[in-house]
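Worksheet: the structure to be examined is printed underneath.
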Amino acid sequence: MLALLYWVLFSLVGNAEFIEDDKRALLDFVTKFRHFHALNWKESSPVCSNWTGVTCNADKSRVIGVRLPAVGFSGEIPVNTISRISALRILSLRSNRISGNFPADFTNLKNLSMLYLQFNDFSGPLPTDFSAWKNLTVINLSNNQFSGSIPSSLSRLSQLSVLNLANNSLSGAIPDLGLPNLEQLDLSNNDLTGVVPKTLQRFPSSAFVGNHISFVNSSTSQSALSPLPQMSLKRPKYWWRDAWFFGVLISCGVLGLGAFAFLFFVCCCWRRKDEDDDGFNGKFPKGSMPPKKRISGDQDANNRIVFFEGCNYAFDLEDLLRASAEVLGKGTFGMSYKAILEDANVVVVKRLKEVSAGKRDFEQQMNLIGSIRHENLVALRAYYYSKDEKLMVNDYCSEGSVSAMLHCLRGEDRIPLDWEKRLKIAVGAARGITHIHSVNGGKFVHGNIRSSNIFLNLQQYGCVSDFGLAAVMSPLAPPISRAAGYRAPEVNDTRKATQASDVYSFGVFLLELLTGKSPVHATGGDELVHLVRWVHSVVREEWTAEVFDLELLKYSHVEEEMVEMLQIALACVARIPDQRPKMPDLLKMIEDVRHAFAEIQPSGSQ
Ligand SMILES: *[C@@H]1O[C@H](CO)[C@@H](O)[C@H](O)[C@H]1NC(C)=O
Ligand SMILES: *[C@@H]1O[C@H](CO)[C@@H](O)[C@H](O)[C@H]1NC(C)=O
Ligand SMILES: *[C@@H]1O[C@H](CO)[C@@H](O)[C@H](O)[C@H]1NC(C)=O
Ligand SMILES: *[C@@H]1O[C@H](CO)[C@@H](O)[C@H](O)[C@H]1NC(C)=O
Ligand SMILES: *[C@@H]1O[C@H](CO)[C@@H](O)[C@H](O)[C@H]1NC(C)=O
Ligand SMILES: *[C@@H]1O[C@H](CO)[C@@H](O)[C@H](O)[C@H]1NC(C)=O
């Protein structure tokens with residue numbers, strides 16, 4: 001007992017010492033370093049809660065982030081100040097007028113993960129030995145006057161995902177860095193010579209322009225077209241294929257085209273707004289996140305952004321609000337934004353409207369949702385709750401929703417969604433929903449299954465989002481949501497959705513995949529037709545083939561599989577809830593449609 005008390009006391013005192021040291025180091029830093037804008041760093045106020053730009057770890061025992069962009073620092077960074085904050089992970093001093101060499105004592109910052117020093121006046125060589133910073137993931141030293149060669153020791157930074165050295169005066173050859181995890185590289189506008197090493201040829205030529213380099217036996221365009229290794233959610237693969245398809249890529253920048261394709265796709269969705277009130281149909285203004293002052297008023301200790309385990313995004317609410325954001329669309333429960341964080345991570349922020357649950361219930365539900373990890377479910381990474389603002393932070397899926405794929409890019413320019421792809425979407429979504437139904441002692445319900453909530457994972461299988469939300473939101477008004485066509489006939493209050501009603505909605509989704517038609521669609525006249533009713537009427541008159549999406553009829557050898565899937569979908573949309581199959585059985589039926597899927601078992605939850 002006494003030992004325990006000692007231990008507690010000791011660790012308290014120990015922690016207090018660390019944070020006091022960090023505070024001292026920061027005070028030394030600003031008092032010795034000339035700057036124009038006053039900082040509110042007062043010795044009397046707590047460093048972890050009141051100091052602008054300072055972030056601490058969870059127990060407030062260490063400073064782990066210092067972000068002081070555009071504070072007007074000029075001159076050299078005073079030695080032995082900021083480098084004393086040994087637990088520092090994020091350091092941003094971008095857009096100041098800091099001069100001098102790369103600070104030698106930064107080697108003490110062994111845990112440094114993100115370093116932003118772009119837009120300063122640093123000069124001299126880069127550190128020769130980068131091996132001190134094993135955890136570096138982002139290095140942005142662009143727009144300085146660094147000279148000398150690119151150190152080959154960078155190749156030891158196995159975690160590195162962003163390296164930006166553009167607009168400096170670096171010379172010599174580009175070392176063969178390897179760096180399999182590198183996702184962004186920019187070496188443009190230096191004085192580099194020689195050839196682009198093989199391992200870096202996967203990056204677009206824009207990463208190397210403004211140097212004196214050549215691509216070995218491959219024209220720049222070929223190199224831009226070489227497949228991206230380690231495709232990740234952050235990279236818009238779809239656009240690439242798009243570009244390839246058009247065959248115009250050679251002359252245009254990849255990004256430019258990607259943006260064009262995306263704009264086109266967004267415009268198209270926008271026009272169809274009336275038919276589908278969900279998904280990626282918003283317009284596309286370059287905007288900012290919800291106004292800052294709304295939130296800062298009550299951002300006290302109780303209203304912190306809450307992260308879930310396995311979240312390797314390092315950001316706080318401020319970052320989120322500062323991030324450049326695009327409106328993705330208006331979903332069932334509020335606006336969605338795509339936010340690009342300072343470290344180049346992309347997340348989706350949902351601003352929930354009309355949360356009906358109280359704080360405790362909301363948090364409980366979020367914690368449940370956040371604990372669910374599965375390869376066919378879009379992970380919730382963090383949430384934020386205050387009186388005025390409720391935010392959810394999810395992974396971002398670059399290819400857009402299945403709704404957009406099915407209904408947006410129609411016509412000649414569209415990449416057809418063939419049966420193979422649709423099968424994989426159905427199998428993946430079924431696996432995800434089956435997992436949801438097994439959570440919380442088998443009582444968990446999705447509550448809002450629809451094609452605009454289904455995306456693709458990296459293996460191109462369906463990946464389900466927005467689960468468990470309906471339970472904490474105000475009930476959706478019947479006229480609006482019934483029109484959306486997914487709601488089971490027995491459901492009156494959207495908060496009281498059941499697993500059986502999930503199966504109904506999933507059945508509607510399967511019909512949508514098979515027919516290519518929206519759950520509620522217009523036929524010739526003004527009349528709106530409910531997809532389920534329409535399919536029943538067509539099938540009853542034995543025109544089964546007429547049911548299917550014209551696009552699918554091209555693939556005649558798979559008609560049997562399609563008919564089988566149609567039967568499964570019709571079983572799901574049975575009027576009587578008890579007659580609908582249960583998710584695990586349903587999954588098995590869907591996997592059995594094509595034998596191959598039954599054999600590849602999902603690797604399960606992560
Ligand atoms: C810290 O900031 C809060 C709100 O901004 C303020 O109320 C409080 O007095 C500050 N604490 C100190 C010690 O300055
Ligand atoms: C670096 O980070 C790790 C893991 O978060 C931590 O255990 C360690 O104490 C940190 N190192 C320093 C010097 O703070
Ligand atoms: C840094 O890397 C080491 C080893 O890879 C790891 O144990 C540690 O947790 C990392 N620290 C941070 C802050 O990520
Ligand atoms: C480098 O400088 C040029 C010209 O000032 C600018 O257009 C470009 O965006 C800069 N590159 C980076 C990565 O900042
Ligand atoms: C190597 O590539 C360059 C540029 O594309 C080309 O001119 C040259 O003929 C190629 N050399 C060989 C041996 O293929
Ligand atoms: C690095 O800095 C440049 C500006 O020079 C900016 O365009 C780029 O987005 C930054 N990269 C990251 C990952 O923050």
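Numbers here simply count residues along the sequence, with the first being 1. Order of listing sets the numbers, starting from 1, for every ligand and every atom in it. Note that the structure is predicted; figures quoted are calculated from it, not measured.
Protein residues are said to neighbour a ligand when one of their heavy atoms lies under 4.0 Å from it; for ligand 4 these are Asn143, Ala166, Asn167, Asp186, Asn189.
Those atoms of ligand 6 with a heavy atom of Val162 less than 4.0 angstrom away are 13 (C). Distances below 4.0 Å separate heavy atoms of Arg89 from the following atoms of ligand 2: 5 (O). Contact atoms of ligand 6 toward Tyr116: 14 (O) (distance under 4.0 Å to a heavy atom of the residue).
Trp41 is linked by a side-chain hydrogen bond (donor to acceptor under 3.5 Å, both in side chains) to nothing, counting only residues two or more places apart in sequence or in another chain.
When all heavy atoms of Arg62 and Ile85 are compared, the pair lying nearest together is NH2-C, 4.1 Å.
Side-chain polar atoms of Ser161 and Thr137 form no donor-acceptor pair below 3.5 angstrom.
Annotation: the span from Leu126 atom CG to Asn101 atom CG amounts to 10.5 Å, rounded to 0.5 Å. A distance of 8.5 Å separates CH2 of Trp133 from OG of Ser153, quoted to the nearest 0.5 Å.
Heavy atoms of other residues, nucleotides or ligands lying less than 6.0 angstrom from CZ of Arg84 number more than 12.
Judged by distance alone, with hydrogens and angles left aside, the side-chain atoms of Ser142 form no donor-acceptor pair with the main-chain N or O of Asn167 at under 3.5 Å.
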